[in-house]
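Worksheet: one structure, shown below.
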Amino acid sequence: QTIPMRRSGEHLLIEGHVGKESLRLILDTGAGVNVLTPEAAMRLGLKLTDAPFAFSGATVTKAKVGQIEKLALGKMNVVGSFVVVSLPAALCCDGILGGPFFEKFTATIDGFREKLTLSPPKSKKLAGPVQRLRLVGGIPQVYGTVEGVGGWFRLDTGADDALTLFPGFVERHKLREKFPKRIETVVGRGVGGLLTGELVKISRLTLG
């Protein structure tokens, strides 16, 4: 099943339907859960659990959970739980499809042709070089090196930038010494608000 996909800034969106209601959903392999905005949940008439859900973004936010019994993506239907939490208005979406969604399919994301292909797990033989992944909390990671230093990198289609290096990794390997020219700025946005960091230009990232 091939589904049209389009870009909104740095993000990839597809359209889904629950009954007659349409949803604009961001594809985010870096999200450990599926998400709906409170407005979308209200529009769908979802029954939400009373127990709060700890959702970790820029800060920890309490949210509730609702179950969608039939989310239509093209000719394919998805059933699953969605965490209901407010998202930044700049994302212009009704929700996020994260790790629990991608674990149900073999998903091929073609950003150049702007299409998403979903197949049953293990039903599709992939062409070209293959890089082994590991899943941590539902988020895929691949081993690589940056500036000759090795580590595990999350594959995050919902990220605002091309590459993020976490402070612990940078400090452990003294990478700031390699980047004397740094610009402190806003580097992304999460559930809890804006994220700040230092913008640098690296010479090489190697995967596999």
Side-chain angles (χ1 to χ4, degrees), residues 1-46 48 53 55 57 63-128 131 133 135 137-142 154-164 188-191:
Q1 170 69 35
T2 299
I3 302 167
M5 183 176 65
R6 69 180 186 82
R7 290 185 177 275
S8 177
E10 297 297 326
H11 299 99
L12 304 172
L13 287 96
I14 61 172
E15 185 175 19
H17 294 86
V18 178
K20 295 181 179 179
E21 295 288 343
S22 63
L23 297 173
R24 291 160 43 90
L25 301 168
I26 288 178
L27 299 174
D28 188 355
T29 57
V33 295
N34 297 324
V35 177
L36 277 181
T37 64
E39 295 80 8
M42 184 178 296
R43 209 167 74 232
L44 298 178
L46 287 190
L48 305 180
F53 187 95
F55 188 90
K64 293 188 176 183
V65 180
Q67 181 82 3
I68 291 183
E69 299 300 333
K70 186 179 179 182
L71 169 63
L73 302 173
K75 296 180 180 179
M76 303 192 79
N77 295 320
V78 178
V79 177
S81 296
F82 282 72
V83 177
V84 179
V85 66
S86 295
L87 295 172
L91 293 179
C92 297
C93 70
D94 296 305
I96 292 171
L97 292 176
F101 167 74
F102 288 101
E103 289 175 355
K104 297 176 185 292
F105 304 99
T106 296
T108 303
I109 298 174
D110 190 333
F112 182 74
R113 296 181 176 84
E114 295 190 339
K115 64 181 183 180
L116 169 71
T117 302
L118 299 177
S119 308
K122 300 182 180 180
S123 67
K124 187 175 182 181
K125 186 176 181 180
L126 302 178
Q131 178 70 16
L133 301 177
L135 290 176
I139 298 174
Q141 297 184 358
V142 62
R154 296 179 182 177
L155 293 179
D156 186 355
T157 60
D160 291 285
D161 49 10
L163 175 66
T164 299
R189 50 186 173 249
V191 172

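The figures here come from the full heavy-atom set of this structure, side chains too, leaving out hydrogens, waters and symmetry mates.
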Would you find a donor on one side and an acceptor on the other, under 3.5 Å apart, between the side chain of [X] and the backbone of [Y]?
X: S8; Y: H11; answer: no
X: T29; Y: T157; answer: yes
X: N34; Y: G98; answer: yes
X: R24; Y: C92; answer: yes

Is any side-chain heavy atom of [X] closer than 4.5 Å to a side-chain heavy atom of [Y]?
X: L73; Y: F101; result: yes
X: Q1; Y: T117; result: no
X: Q67; Y: V79; result: yes
X: L12; Y: L116; result: no
X: F102; Y: L135; result: no
X: T37; Y: F82; result: no
X: T164; Y: D156; result: no
X: V33; Y: V65; result: no

(request) Taking salt bridge (charged side-chain N to carboxylate O under 4.0 Å, His left out) as the test, write out the residues that go with R43, two or more places apart. (result)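 E21, D94.
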(message) Please give me the minimum heavy-atom distance between A40 and L23, naming the atom from each residue.
(response)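 In terms of heavy atoms, the two residues are closest at CB-CD2, 4.1 Å.
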